[in-house]
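As structure tokens, the structure follows; a few thoughts come after it.
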Amino acid sequence: MRDGLSRRLLHGESVDFDGAELPASLIRDLLTDELDQRGLRISGARVSGRLDLSDVVVSRPVVLRDCRVDEPVLLDRARLTSLDLSGLVAPAVSAPWLKLDHYLLLRNARLDGGADDWALDLGEASIGSHVSLSGSHFRSERSYAVHAVQLRTGSHVYLTDVRSAGTVRFDGARLDGNLDCRGARLHSERDSALLGVDVQVDYNVFLSQGFRATTGSDSSAAVRIRGSRIGGQLVLRGGEFSGAVALDVKHVRAGMEVLFPPDCLDGRVELDGLTYAGVPRDTTVDEWIDMLARCTPVYASQPYVHLAAACQAAGNERDVRRIRVAQQRDLLRRGRLTRWGRVWHRITGATVGYGYRPAVALLWLLGTLAAAVALVAGVAGPAGLVRSCSTVDQIGHALNAVTPLAKPEGVRCQIVTSGGLGQAVVVSTWLLQMLAWAFATLFVAGFTGLVRKTS
């Protein structure tokens, strides 16, 4: 019977074992024999023994669908046309340096690495087309449930509806397509749930539509894709990120928009160095500013500068001013300023809005003139300290005393300085004159941009 089964498999027939036992050694023997062009196609088998296909080189597709294996499946350095392990139930799949001409399918699999193994190891594997792990469950008590460091693919990687207990790691991977994690639920107690430092994705990254990443670590982000390059969009719409640090996209470069609703975050976010095209979508400028001020761990100028540049390119000058003012307020609150730098920052903020609201200095100037008029006409005049002047003359004298530019002509009022009150009024007008000059200077400097803060 075994010889008859072998002949059927060698001739490329699809054989459903319906739970019957199949020796692992037979599968390796078949792959090293003269297989039909259709390859090896097995489904529903319970594979006994260790399935070791390490270093197997065969230009045929291999299908082991809905099979159950009691020991880890070994595919180290194997080279095949394509591989379909959908529905596999096994402790782990070890496939570092695996080379496939076409696709890898590992859909709806159940891999439990336990305490000793990674559930799935695709380190430095090279896949000619797409990789689909959709609907699979991975668990490992070690750091990584999926280890795909420096994975290379010729098309998309699908992690849709994946369930993972342990880190899914893609550091240094190069994906010539989308990274699609829609609906995935990832959790790690000791590290990031999704870790992808220096990943290059030619198209889009989808961490959306029911995606959820959580971590129990206080030092690791739930999703950490720092330094990655994304050719298309970074889509977080409908995702959830939870941890002490919810999301780390520091120095990520997206070639298109980011779809980033701030309410997807439950924790801090690292945004310094994130670049993107256009204005962030799924959020308002006020919400983005609030996120930068409240959810980032430290002050950084780059997120504000990039957002302001995006708004300016879109012609939203009012938003640009609001962003710049918010940036300077954040700098004052959390930035590294010297004592005198902090004092000057407060002064320019209160008087000219850090150079972006010069009209505030003009209001201060008008207030100073009003104070001078109130002092002369409201205090000195009723006290009899102004000689031979009508109320109009008193107002003109006050304006003449403190106005830094125009000087009204024909004002002949004099303040009696023989007493202490008269002297105090004169000294007060001097102080008001200095303030008027200061506010006029700040208005001009703010209007011309000389005092604008850009860092």
Trace of the side chain to side chain contact (heavy atoms under 4.5 Å, CB included) decision for Arg65 with Leu105: CA-CA 10 Å; Arg65 191 174 297 159; Leu105 303 182; 5.5 Å; no
Closer than 3.5 angstrom, by distance alone: can the side chain of Arg342 be matched with the main-chain N or O of Leu332 as a donor-acceptor pair? yes
For a 4.5 angstrom cut-off between non-hydrogen side-chain atoms, does Leu247 reach Leu236? yes
Work out which heavy atom in Ser228 is nearest to a heavy atom in Gly196; give both atom names and the distance. OG-O, 2.9 Å
Indicate yes or no for a side-chain donor-acceptor contact from Thr215 to the backbone of Ser192 under 3.5 Å, with no hydrogens or angles considered. no
If I take atom CG from residue Leu159 and atom CG from residue Asp180, how far apart are they, to the nearest 0.5 angstrom? 8.5 Å
For Phe211 and Phe241, take the angle between the two ring planes, folded into 0 to 90°, and tell me which bin it lands in: parallel under 30, tilted 30 to 60, perpendicular over 60. tilted
Whether the side chain of Thr153 engages the backbone of Gly177 through a donor-acceptor N/O pair (distance < 3.5 Å, no angle test) should be reported. no
So do Val305 and Gln327 actually touch side chain to side chain, heavy atoms under 4.5 Å? yes
Quick check: closest heavy atoms across Met256 and Tyr276, and the distance to 0.1 Å? O-CB, 3.7 Å
Are more than 12 heavy atoms, taken from residues, nucleotides or ligands other than Arg79, located less than 6.0 Å from that residue's CZ atom? no
How far does CG of Leu75 sit from CG of Leu51, to the nearest 0.5 angstrom? 7.0 Å
Take Ser208 and Leu259 through the side chain to side chain contact (heavy atoms under 4.5 Å, CB included) test and state the conclusion after the steps. CA-CA 9 Å; Ser208 56; Leu259 283 68; over 6 Å; no
Does CZ in Arg77 sit with more than 12 non-hydrogen atoms of other residues, nucleotides or ligands closer than 6.0 Å? yes
Minimum heavy-atom distance between Gly166 and Ser188, given as atom pair plus value: C-CB, 4.1 Å
Give the C-alpha distance, both sets of side-chain angles, the deciding distance and a yes or no for side chain to side chain contact (heavy atoms under 4.5 Å, CB included) between Leu111 and Leu88. CA-CA 8 Å; Leu111 303 182; Leu88 176 68; 4.1 Å; yes
Would you say Arg333 has more than 12 foreign heavy atoms packed within less than 6.0 Å of its CZ? yes
To the nearest 0.5 Å, how far apart are OG1 in Thr167 and CZ in Arg224? 11.5 Å
Polar side-chain atom of Gln302 near backbone of Gly273 as donor-acceptor pair, under 3.5 Å: yes
Smallest separation among heavy atoms of Arg50 and Ala24, with atom names: O-CB, 3.3 Å
Should the ring pair Tyr144 and His147 be called parallel, tilted or perpendicular, given that the plane angle runs from 0 to 90° and is split at 30 and 60? tilted
Taking the basic N atoms (NZ, or NE/NH1/NH2) and the acidic carboxylate oxygens, is any pair closer than 4.0 Å for Asp198 and Arg174? yes
Checking Thr296 side chain against Glu270 main chain: does a donor-acceptor pair fall under 3.5 Å? no
Identify whether the distance between the nearest side-chain nitrogen and carboxylate oxygen of Asp171 and Arg169 falls below 4.0 Å. yes
Backbone N/O of Arg237 and side chain of Gln209: donor-acceptor pair under 3.5 Å: no
Distance-minimising heavy-atom pair for Ser48 and Pro23: OG-CA, 3.5 Å
So, does Asn178 use its side chain to make a donor-acceptor pair with the main chain of Asn204 at under 3.5 Å? yes
Hey, are the side chains of Leu120 and Leu133 touching, using non-hydrogen atoms and a 4.5 Å cut-off? yes
Please lay out, stage by stage, how Leu292 and Tyr304 fare under the test side chain to side chain contact (heavy atoms under 4.5 Å, CB included). CA-CA 8 Å; Leu292 293 179; Tyr304 289 100; 3.6 Å; yes
Over 60° means perpendicular and under 30° means parallel, so classify the ring planes of Tyr103 and His130, tilted if in between. parallel
For the residue pair Arg182 and Phe206, would you count it as a cation-pi contact if the rule is NZ or CZ under 6.0 angstrom from the ring centre and within 45 degrees of the ring axis? yes
Which atom names give the shortest non-hydrogen contact between Ser140 and Ala145, and what distance separates them? CB-CA, 3.9 Å
Whether over 12 other heavy atoms sit under 6.0 Å from Arg46 CZ: no
What I want to find out is whether Asp84 reaches Arg41 closely enough, with some N-O distance under 4.0 Å, to be called a salt bridge. no
Would a distance-only check, ignoring hydrogens and angles, find a side-chain to backbone donor-acceptor pair under 3.5 Å from Arg163 to Asp161? yes
